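All remarks here apply to the structure that follows.
All values derive from a computational prediction rather than experimental measurement.
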Amino acid sequence: MRSPCTYEGCTVGETGRCALERDPATCANRLGNQSEIDDDGLAATGDVGAPVLTSPDDNPSFPRSTTLGPEDIEKMMRNRYVTVVGILGDPESGKTACLASLYLLASNAMLEGWSFADSRSLMAFEEIARGARKWNEGQPPEQMTMHTEMADERQPGFLHLRLLRQADGRMFDLALPDLPGEWTKSLIRSARSDRFEFLRSADVFWLVVDGRILADRERRQGTIKRLGQLAARLHTLMRGEMPRVLMVITHRDIHEPDHSTIAGMTTEFAKHDVSFELMPVAPFSDNEKFNAGFGLAALVTATARQLEGMPSLWPRTLPPSDASSFLSFRRDR
């Protein structure tokens, strides 16, 4: 059977001859110039090799896996709870090293008590962990991770990591901003907080400080003062509603924070009505007593831990037994 023609009086479908003496295979009057099918169900010779399906307008692509913007995190929050972590610290303090080591531990099933579940920023994690995979003739490089550079200096870039807590099977989505240390310096120096608005949604803060500097007597006191100023800036930014603060001290494999240093930081933070929990870590280590990634599992566990005494979202209240619930509603409030 041959396809019909829209030209009135043309019998090309029965005779195979065009009334306008055109090539039936290319005549525009035939319906869509369809492929001709013979009695055996095979395509006519003129259309052999033609594409069966038309190409899509847009090529399909996988979702992007680079750093996410605040709007991406906000969209994710519409479906499930996301723990936003505020990560601050001076340049070279070890912020990016902690993120890179955390990713390497999770991806190799070496994060104690946790299992990797998902990530929407795998390529971004791979980018910052690239330095940890490179070696110079068998020797570790001087710098494990690259210095963070922002594509947009006005908004942060987030790394997403979803982890399964093995103790109870609960999932946790972590939004981890990889911010350059210059942002923290600018916040301390000039109180510029316009690009830190996202911190108002933070569930917990990581204040990352280089443990080698705290071990240096000449630079220790200045660093403690700067940390106190940072705590004051955050207290003002959060308008008094401070989340938990985790003091992440890096290079634990080299130096252990002494009691006088911790006491000095505690006193400085108390001036601004801020407290902290001490979290010593070693993202990368050459010390046999400390494996690479030491303390990061404890840091994640402390991050996921809910604040003790947190009020219930929907508290149950029983009406007085001797009064009408409707008439006494909020009368005593």
Side-chain angles (χ1 to χ4, degrees), residues 65-70 73 83-108 110-111 116 119-136 140-153 155-161 163 174-188 195-196 198-199 202 204-214 223 226-227 230 246-254 279-286 290-300 303:
S65 58
T66 55
T67 54
L68 308 176
I73 300 300
T83 301
V84 178
V85 182
I87 305 178
L88 299 170
D90 286 339
E92 309 298 332
S93 60
K95 301 183 300 299
T96 305
C98 287
L99 295 176
S101 183
L102 176 61
Y103 165 68
L104 293 174
L105 288 173
S107 61
N108 288 278
M110 297 176 63
L111 189 64
F116 176 82
S119 175
R120 297 189 182 180
S121 56
L122 283 178
M123 291 304 298
F125 271 119
E126 284 291 328
E127 184 71 20
I128 65 173
R130 182 186 304 171
R133 301 179 187 273
K134 292 184 177 180
W135 303 91
N136 302 323
E142 295 181 0
Q143 185 173 350
M144 282 292 198
T145 56
M146 302 173 60
H147 179 72
T148 303
E149 297 180 359
M150 305 296 296
D152 187 347
E153 295 185 354
Q155 67 175 9
F158 287 89
L159 298 167
H160 169 249
L161 189 62
L163 297 174
L174 303 179
L176 308 165
D178 186 22
L179 306 178
E182 288 76 13
W183 279 34
T184 301
K185 294 177 64 176
S186 176
L187 178 62
I188 297 174
R195 53 192 178 186
F196 285 101
F198 74 95
L199 290 180
V204 62
F205 283 124
W206 292 1
L207 302 188
V208 185
V209 58
D210 192 336
R212 297 171 299 183
I213 296 180
L214 292 180
T223 299
R226 285 171 50 80
L227 287 172
L230 177 59
L246 303 180
M247 183 66 66
V248 183
I249 301 181
T250 59
H251 296 284
R252 174 61 184 87
D253 56 317
I254 301 176
M279 303 298 302
V281 300
F284 302 100
S285 172
D286 292 329
F290 297 90
N291 294 327
F294 170 83
L296 291 179
L299 177 60
V300 173
T303 300

| task | Rounded to the nearest 0.5 Å, what's the gap from CG on Leu227 to CG on Leu214? Could you check? | result | 7.0 Å
| said: To check you understand the geometry: which heavy-atom pair defines the closest contact between Ser121 and Phe158, and what is its length? | reply: CB-O, 4.4 Å
| note | CG (Leu179) and CG (Leu199) are apart, to the nearest 0.5 Å, by 7.5 Å
| query | Could you give the distance from CG (Asp210) to NZ (Lys95), rounded to the nearest 0.5 Å? | reply | 10.5 Å
| message | Using the rule given for side-chain contact (heavy atoms from CB on, under 4.5 Å), can you reason through Asp178 versus Thr96, listing the C-alpha separation, both sets of side-chain angles and the distance that settles it, and then say yes or no? | response | CA-CA 7 Å; Asp178 186 22; Thr96 305; 3.0 Å; yes
| task | Taking all heavy atoms of Pro283 and all of Val281, pick out the closest pair and write down the distance. | result | CD-C, 3.9 Å
| task | Dump the intermediate steps for side-chain contact (heavy atoms from CB on, under 4.5 Å) on Leu159 and Thr67, then the final yes or no. | result | CA-CA 5 Å; Leu159 298 167; Thr67 54; 4.0 Å; yes
| task | Could you tell me the separation between the CD1 atom of Ile73 and the CG atom of Leu68, rounded to the nearest 0.5 Å? | result | 5.0 Å
| said: Please check: side-chain N/O of His160 versus main-chain N/O of Arg120, any donor-acceptor pairing under 3.5 Å? | reply: yes
| field | Leu176 side chain reached by Leu102 side chain, heavy atoms, under 4.5 Å | value | yes
| Reported CG-to-OG1 distance for the pair Leu296 and Thr303, which is rounded to 0.5 angstrom | 10.0 Å
| request: Of all the heavy-atom pairs spanning Ala100 and Ala129, show the shortest one and how long it is. | output: CB-CA, 4.0 Å
| Side-chain donor or acceptor of Ser107 paired with backbone N/O of Phe116 under 3.5 Å | no
| message | Using the rule side-chain contact (heavy atoms from CB on, under 4.5 Å), only one of Leu105, Leu104, Leu99 pairs with Ser101; which is it? | response | Leu105
| query | Ala202 and Gly86: which non-hydrogen atoms are nearest, and at how many Å? | reply | CB-N, 4.1 Å
| query | Would a distance-only check, ignoring hydrogens and angles, find a side-chain to backbone donor-acceptor pair under 3.5 Å from Thr250 to Gly94? | reply | no
| request: Evaluate the ring planes of Phe125 and Tyr103, with Trp represented by its six-membered ring, and classify them as parallel (under 30°), tilted (30 to 60°) or perpendicular (over 60°). | output: parallel
| said: Please report the interatomic distance CG(Leu88) to CZ(Phe196), rounded to the nearest 0.5 Å. | reply: 5.5 Å
| Expected output: side-chain Ser186 to main-chain Glu182 donor-acceptor under 3.5 Å | no
| query | Any side-chain heavy atom of Asp90 within less than 4.5 Å of one from Arg226? | reply | yes
| query | Do the side chains of Phe294 and Asp253 get nearer than 4.5 Å, heavy atoms only? | reply | no
